[in-house]
Amino acid sequence: MQTQPKLTDRAALTRNRARADQDKGMFLHDAAIEEVQDRLSMVNRSFTRPAIVTGFPEIWRRCLPTAVIVEDADTLDLTVGGHDLVVHALGLHWADDPVGQIIQSRRALCADGLFMAATFGGQTLNELRAALAQAESEVTGGLSPRVVPMGEIRDMGALLQRAGLALPVADSVPLRVNYESPWALMNDLRAMGEANALDQRLRRPTRRAVLIRAAELYVETFMEEGRIPATFDLIFMTGWAPDDSQQKPLRPGSASARLADALGASEIKLPE
């Protein structure tokens with residue numbers, strides 16, 4: 001049996017999250033909560049058995065105060081068929097098996113229950129990744145894992161389908177945050193609990209020369225009007241647990257009316 005590659009050092013991730021600044025470092029979670037609440041308000045349904053999967057329970061509790069909240073561990077502590085809504089909250093990018101996380105969430109849904117995920121997409125921190133990669137290559141002649149890989153939006157709908165969810169939808173809400181310097185951005189990432197927790201990361205401090213060169217490259221390449229931008233690509237995914245009541249595509253050739261009639265046009269037959 002093939003084992004899942006280990007992406008994340010869970011002990012390091014837990015330490016990083018414990019050191020997060022719950023007052024000043026949660027602005028991306030706040031933005032995601034607002035977006036989730038807005039999207040749920042547009043669903044013509046009341047959810048009475050919600051659950052939230054997150055590494056920041058106190059922050060996400062205010063999103064759905066009555067929700068069952070579970071840690072985004074490899075095995076989710078969710079009751080099979082026990083919920084009509086599961087929200088996976090900004091933790092999928094650290095999952096060794098993101099499809100497995102979605103499958104477990106789907107199994108926790110009752111028929112026609114809703115799965116919603118907020119996660120970071122592939123454009124997140126593209127500026128910092130480029131600067132760090134070039135700086136490390138110049139200074140050391142090599143590269144080491146520094147920023148967790150994140151999926152592109154085109155891949156997200158496929159994840160929902162692979163997990164067995166119906167009516168899958170994925171869309172992006174890009175956020176651009178401006179900082180005084182790359183150092184301020186790096187401090188913010190620590191305050192978010194999003195410092196490097198990759199299992200294959202360097203286990204020694206990064207050489208100061210690499211960080212200084214990365215900061216120089218960041219400023220030279222991306223600075224605008226005295227500030228440097230950082231992109232956070234928030235992706236929101238929704239899918240439904242399959243149910244017979246849901247709309248399904250018609251079989252090819254099963255239409256009962258002609259398109260020409262619907263358009264009020266004359267049908268022109270092509271030659272054989």
Is a salt bridge present between [X] and [Y], judged by a nitrogen-to-oxygen distance below 4.0 Å?
| X | Y | result |
| --- | --- | --- |
| Arg162 | Asp155 | no |
| Lys6 | Asp199 | yes |
| Arg146 | Glu136 | yes |

side-chain hydrogen bond (donor to acceptor under 3.5 Å, both in side chains) assessment of Arg129 paired with Asn126: CA-CA 5 Å; Arg129 283 184 288 168; Asn126 67 84; over 6 Å; no
Could you measure the distance from the [atom1] atom of [X] to the [atom2] atom of [Y]? Nearest 0.5 Å is fine.
| X | Y | atom1 | atom2 | answer |
| --- | --- | --- | --- | --- |
| Arg204 | Ser144 | CZ | OG | 8.0 Å |
| Leu185 | Leu125 | CG | CG | 6.0 Å |
| Glu180 | Asn187 | CD | CG | 11.0 Å |
| Met26 | Leu90 | CE | CG | 9.5 Å |
| Leu202 | Asn196 | CG | CG | 8.5 Å |
| Ile212 | Thr206 | CD1 | OG1 | 12.0 Å |

Could you report the tightest heavy-atom contact between [X] and [Y], atom names first, then the distance?
| X | Y | value |
| --- | --- | --- |
| Ala20 | Gly193 | CB-N, 3.7 Å |
| Gly157 | Ala170 | N-CB, 4.1 Å |
| Ala241 | Cys110 | CB-O, 3.3 Å |
| Ala166 | Pro242 | CB-CA, 4.5 Å |
| Cys63 | Ile33 | CB-CG2, 3.8 Å |
| Trp240 | Leu114 | CE2-CD1, 3.5 Å |

Applying a strict under-4.5 Å side-chain criterion to I, L, V, M, F, W and Y, I'd like to know whether [X] and [Y] cluster together.
| X | Y | result |
| --- | --- | --- |
| Leu28 | Leu189 | yes |
| Leu175 | Phe56 | yes |
| Leu132 | Val219 | yes |
| Met116 | Val43 | yes |
| Val53 | Leu7 | no |

- Message: Is there a side-chain hydrogen bond (donor to acceptor under 3.5 Å, both in side chains) between Ser172 and Asp233? Walk through the geometry before answering.
- Response: CA-CA 7 Å; Ser172 174; Asp233 184 18; 2.5 Å; yes
| said: Can you classify the ring geometry of Phe120 versus His93 as parallel (below 30°), tilted (30 to 60°) or perpendicular (above 60°)? | reply: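 The rings of Phe120 and His93 stand perpendicular, inter-plane angle above 60°.
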Can you list the steps and then say if Ile69 with Thr54 is a side chain to side chain contact (heavy atoms under 4.5 Å, CB included)?
CA-CA 7 Å; Ile69 297 184; Thr54 180; 3.7 Å; yes
_I'd like to know whether CD of Glu152 has more than 12 heavy-atom contacts from other residues, nucleotides or ligands below 6.0 angstrom._
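Yes.
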**Message:** Are there over 12 heavy-atom neighbours, none belonging to Arg208, within less than 6.0 Å of that residue's CZ?
**Reply:**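 No, the 6.0 Å shell around CZ holds no more than 12 heavy atoms from other groups.
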### Message
Using the rule given for side chain to side chain contact (heavy atoms under 4.5 Å, CB included), can you reason through Val68 versus His83, listing the C-alpha separation, both sets of side-chain angles and the distance that settles it, and then say yes or no?
### Response
CA-CA 9 Å; Val68 172; His83 303 280; 3.9 Å; yes
Does Arg39 have any side-chain hydrogen bond (donor to acceptor under 3.5 Å, both in side chains) partners at least two apart in sequence or in another chain, and if so, which?
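Testing Arg39 for side-chain hydrogen bond (donor to acceptor under 3.5 Å, both in side chains), a comparison that skips the adjacent residues, returns Glu35, Asp171.
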Show every donor-acceptor pair shorter than 3.5 Å between a side-chain atom in residues 222-230 and any protein atom, with sequence neighbours excluded, or say none if there are none.
unit_1, atom_1, unit_2, atom_2, d
Glu224, OE1, Arg176, NH2, 2.5
Glu224, OE2, Arg176, NH2, 3.3
Arg227, NH2, Asn178, O, 3.2

- Query: Pro50 pairs by side-chain contact (heavy atoms from CB on, under 4.5 Å) with which of Val87, Val86, Leu64?
  - Reply: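 Going through the options one by one, the only one that passes is Leu64.
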Stepwise, does the side chain to side chain contact (heavy atoms under 4.5 Å, CB included) test hold for Asp77 with Glu71?
CA-CA 8 Å; Asp77 188 19; Glu71 182 187 2; over 6 Å; no
Can you give the donor-acceptor pairs under 3.5 Å from side chains of residues 98-109 to other protein atoms, not counting sequence neighbours?
unit_1, atom_1, unit_2, atom_2, d
Gln101, OE1, His88, NE2, 2.8
Gln101, NE2, Ala73, O, 2.8
Gln101, NE2, Asp74, O, 3.4
Gln104, OE1, Leu76, N, 2.7
Gln104, NE2, Asp74, O, 2.9
Gln104, NE2, Gly100, O, 3.4
Ser105, OG, Gln101, O, 2.9
Arg106, NE, Ala163, O, 2.8
Arg106, NH2, Ala163, O, 3.1

Review point. Would Glu194 and Val147 satisfy side chain to side chain contact (heavy atoms under 4.5 Å, CB included), going step by step from the backbone distance to the final call?
Key: CA-CA 9 Å; Glu194 294 291 338; Val147 179; over 6 Å; no
*asked:* I'd like to know whether Thr221 forms a side-chain hydrogen bond (donor to acceptor under 3.5 Å, both in side chains) with Glu127, so could you lay out the CA-CA distance, the side-chain angles of the two residues, the decisive distance to 0.1 Å, and finally the verdict.
replied: CA-CA 9 Å; Thr221 308; Glu127 305 91 349; over 6 Å; no
- Does some side-chain heavy atom of Phe27 sit less than 4.5 Å from a side-chain heavy atom of Val177?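 Val177 vs Phe27: side chains touch.
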*Close side-chain approach of Leu128 and Met186, heavy atoms under 4.5 Å*: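 The answer is yes; the side chains approach within 4.5 Å.
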